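Please read the structure below before turning to the comments.
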2 protein chains.
Amino acid sequence: MDIFAKKLKERAAQLGISNAEAARLCGLDERRYANYANDQREPDLATLVKIARTLGTSADYLLGLTDTATTDKRSRLVERLTVAASSLPDDQLATVVTQVEALALPRQKRPGKKTPV
Amino acid sequence: MDIFAKKLKERAAQLGISNAEAARLCGLDERRYANYANDQREPDLATLVKIARTLGTSADYLLGLTDTATTDKRSRLVERLTVAASSLPDDQLATVVTQVEALALPRQKRPGKKTPV
DNA sequence: GTCCATGCCGAACGTTTTGTTCGGTTTTAT
DNA sequence: ATAAAACCGAACAAAACGTTCGGCATGGAC
């Protein structure tokens, strides 16, 4: 599956992270992940799912069954944010959400009922 | 991957064919395919793709990635983050990405090969 | 009833593939 | 120049795979 290896590298590039970082995010041994990215080994299905989920993409994309390349620069930034945020512990994630939402909602005179984080 | 096995059987049922017929359609040994459908073996990635294509479905479906209900608490937090971040101007978005990535990868000061924001 | 085509399954065996470790080179930012 | 991080080839034990064999159950044909 050379396509899988290519997509793996392509995805890491989209996210602006190294393969080693992608490995860490996925909770996989760095050498092991590198074997996937270099088309020397193939993961089992559970690992494939874990990678797709962690990198915020689909198995179909990683297997070349769809070509949904994210070319938009802003979209990729948002994806990087999603991937990074997903690896945070609950409390840090909650904090980040609060802060970014504060940034996003510039000035509403009366902040209405908002779901507490 | 018990999900994969289930989806395999589910798909054959949807198509109104036996597992043996599905195996033949995919050009796979009947016993081999049965091992997949019985959750005793797993196919390599190329075979997974062949099955998905032959049965007219997606790898995401076969792997149970489609029905990712966003009912869980963390997923909703991440969704809120995505929505909020998407409304930010470019520079603020870039800043947030940098900060969250720094949080996500608690590591030494030396970043390796990484695409700059 | 007998036959046999079809679907399905467990066990076993030889082969292939994987995960991991070790050591080393290359790259990058200070 | 230095050190941290990224990256990679080789090698080996362990795990997973594909395939074969035999067996069981069902249903239609004769």
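The sequence lines fix the lettering, A, B, ..., with proteins before strands; numbering per chain opens at 1. Keep in mind it's a predicted model, so treat the numbers as computed, not measured.
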- Message: Among residues 19-32 of chain B, which ones have heavy-atom contacts with DNA chain D below 4.0 Å?
- Response: B:Asp29, B:Arg31, B:Arg32
- By a strict heavy-atom criterion of less than 4.0 Å, which residues belonging to residues 34-44 of chain A are in contact with DNA chain D? A:Asn38, A:Gln40, A:Arg41
- Is A:Tyr61 close to A:Glu10 at the side-chain level, that is, under 4.5 Å between some pair of heavy atoms? yes
- Give every residue pair that meets the salt bridge (charged side-chain N to carboxylate O under 4.0 Å, His left out) criterion with at least one member in residues 14-24 of chain B, sequence neighbours excluded. none
- Side chain of B:Asn19, backbone of B:Ala34: donor and acceptor closer than 3.5 Å? no
- Message: Over the length of the helix from C:dG1-D:dC30 to C:dT30-D:dA1, how much do the five-pair end axes diverge, rounded to 10 degrees?
- Response: 40°
- Task: Check whether any side-chain heavy atom of B:Ile51 sits under 4.5 Å from a side-chain heavy atom of B:Leu28, and report yes or no.
- Result: yes
- Message: Does any part of the side chain of A:Asp72, heavy atoms only, come nearer than 4.5 Å to the side chain of A:Arg76, both counted from C-beta?
- Response: no
- Message: Between A:Asn38 (side chain only) and A:Gln40 (backbone N and O only), is there a donor and an acceptor less than 3.5 Å apart?
- Response: no
- Report the distance from atom CG of A:Leu45 to atom P of D:dA16, rounded to the nearest whole Å. 13 Å
- Item | N/O donor-acceptor pair under 3.5 Å between A:Glu101 side chain and B:Ala84 backbone | no
- Could you check if a side-chain atom of B:Leu63 sits within less than 4.5 angstrom of a side-chain atom of A:Leu48, using non-hydrogen atoms only? yes
- Message: Quick check against the 3.5 Å criterion: does A:Arg41 have a side-chain atom that pairs as donor or acceptor with the backbone of A:Asn35?
- Response: no
- Message: Strictly distance-based, threshold 3.5 Å: is any side-chain N or O of B:Thr47 a donor or acceptor partner for the main-chain N or O of B:Pro43?
- Response: no
- Can you tell me how far P of C:dT28 sits from CD1 of A:Ile17, to the nearest Å? 17 Å
- Would you say B:Arg11's side chain and B:Gly56's backbone share a donor-acceptor pair under 3.5 angstrom? yes
- Query: Quick one, which residues of residues 47-62 of chain B touch DNA chain C with a heavy atom under 4.0 Å?
  - Reply: none
- Do the non-hydrogen side-chain atoms of A:Val100 and B:Leu88 ever get within less than 4.5 Å of each other? yes
- Quick one: list whatever passes salt bridge (charged side-chain N to carboxylate O under 4.0 Å, His left out) with B:Asp90, sequence neighbours left out. A:Arg74
